[in-house]
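Written below as structure tokens is the structure these notes are about.
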Amino acid sequence: MIDDLPPLREVIARHDLRARKSLGQNFLLDLNLTARIARVAGDLSGTDVLEVGPGPGGLTRGLLAEGARKVLAVEKDPRALPALHEIAAAYPGRLEVVEGDALALDPGARLAAPWKVCANLPYNVGTELLVRWLTEDWPPRWSSLTLMFQREVAERIVAEPGTRHYGRLAVLAAWRTEARIALTLPPEAFSPPPKVHSAVVHLAARAEPRHPADPAWLSRVVAAGFGQRRKMLRASLKPLGRPPEPLLEAAGIPPTERAEQVDLARWCALARGYAAA
Ligand code: SAM
């Protein structure tokens, strides 16, 4: 055991934490596994950690047992709070629990930067949070993100140009981080088991983005390009409101190219072109 608290099955039964699909609840019950996920985040001693969606607290306990200086855990489901307060009592002064929506919380007032983010994310808000973290001002207030996703989403985050999973997430992740899949997990690792495999992705913030670009423009241009990924870029970029051909040519991209073929350097050049136009 990683701590002296009761096993998670007992915690869930005692607090009647039946998983709710609407909140994306698939819980991790194996504390050795949650400690292993916490270790993917690297040395936690002396580091504050933001956890989104702690639920009954399996990963929270992993993060605390692995030495995090402080964990800020944001949970939308009030049913989970009593279980989380028990963990807080076992780790005095190291766990702060906030009830609410992670999309509405700015952790800046409660954590010392740069913090690490570690979470078994609710699937319905996971990609939105990731895009926000990747497009904030740089350098960011976090040093790394260690995040559980459905395996297919994880593959989209680390995808290379020219492959079927390459898209907006891969471009944004490669632009500002070193991203890798650290672990894959079968459905049985969770309770209840989801339909698909899952994977833990580790994204380490780069000191500087790989190429200059405005995040809002890069995000917009890439979203338009991949929004209609089978079309040539001269057609898929039209909704951005300017004739795409000259901007594509200035970025070194043939107007007949499809989004899948464009590497990071040229996406950034295109975003700079749109921003200047
Ligand atoms: N971390 C726990 C674990 O690994 O067992 C639970 C993971 S479960 C996949 C996702 C958790 O996120 C649930 O506890 C759910 O209630 C919570 N959640 C869902 N939407 C949320 C939101 N917008 N903000 C904060 N927490 C949310």
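The basis for the numbers below is simple: all heavy atoms, side chains too, and nothing from hydrogens, waters or symmetry mates. Just follow the structure's listing: the first ligand is 1, and inside any ligand the first atom is 1.
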*asked:* I want to confirm something. Looking only at heavy atoms, which of S191, S22, P122 is nearest to atom 18 (N) of ligand 1?
replied: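 Considering heavy atoms of S191, S22, P122, the nearest to atom 18 (N) of ligand 1 sits in P122.
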*Nearest to atom 26 (N) of ligand 1 by heavy atom, E51, R79, K76: which?*
K76
_Min N/O separation Q25 to ligand 1 under 3.5 Å_ =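 By distance alone, the answer is yes.
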*Check whether any N or O atom of D77, backbone or side chain, sits under 3.5 Å from an N or O atom of ligand 1, and answer yes or no.*
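No; the residue has no nitrogen or oxygen that sits under 3.5 Å from a nitrogen or oxygen of the ligand.
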May I ask you to identify the nearest protein heavy atom to [atom], giving residue, atom name and distance to one decimal place in Å?
atom	answer
atom 1 (N) of ligand 1	G53 O, 2.8 Å
atom 17 (C) of ligand 1	E75 OE2, 3.3 Å
atom 23 (N) of ligand 1	D101 OD1, 2.8 Å
atom 3 (C) of ligand 1	N120 ND2, 3.5 Å
atom 24 (N) of ligand 1	A102 N, 2.9 Å
atom 5 (O) of ligand 1	L28 N, 2.8 Å

*Name the one of F226, Y274, W217 that satisfies ring pair (Phe, Tyr, Trp, His ring centres under 6.0 Å) with W267?*
F226
Salt-bridge test for [X] and [Y]: reply yes if a basic N is under 4.0 Å from a carboxylate O, no otherwise.
X	Y	value
E66	R39	yes
R164	E152	no
D48	R69	yes
R266	E257	yes

*Considering all heavy atoms of both residues, which atom of L8 and which atom of P56 are nearest to each other, and what is their separation?*
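Nearest heavy atoms, L8 then P56: CD2-O, 3.8 Å.
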Would you call [X] a ligand 1 contact, heavy-atom distance under 4.0 Å?
X	result
G100	yes
L103	no
P54	yes
R20	no
G24	yes

*Would T146 and H202 count as having a side-chain donor-acceptor pair, cut-off 3.5 Å?*
yes
*More than 12 foreign heavy atoms under 6.0 Å from CZ of R242: is that the case here?*
no
*Crowding at CZ, R36 (>12 non-hydrogen neighbours, <6.0 Å)*: no
*Between V74 and ligand 1, which part of the residue brings a heavy atom under 4.0 Å of the ligand: side chain, backbone, both or neither?*
backbone
*asked:* At less than 4.0 angstrom from any non-hydrogen atom of N26, what atoms of ligand 1 do you find?
replied: 7 (C), 8 (S), 9 (C)
*Report, in ascending order of atom number, the atoms of ligand 1 lying under 4.0 Å from any heavy atom of G55.*
14 (O)
_Side chains of L59 and E51 in contact at under 4.5 Å (non-hydrogen atoms)_ =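 They are in contact (side-chain heavy atoms under 4.5 Å apart), so the answer is yes.
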*Given side chains that start at C-beta, do those of V97 and V71 come closer than 4.5 Å, heavy atoms only?*
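V97 vs V71: side chains apart.
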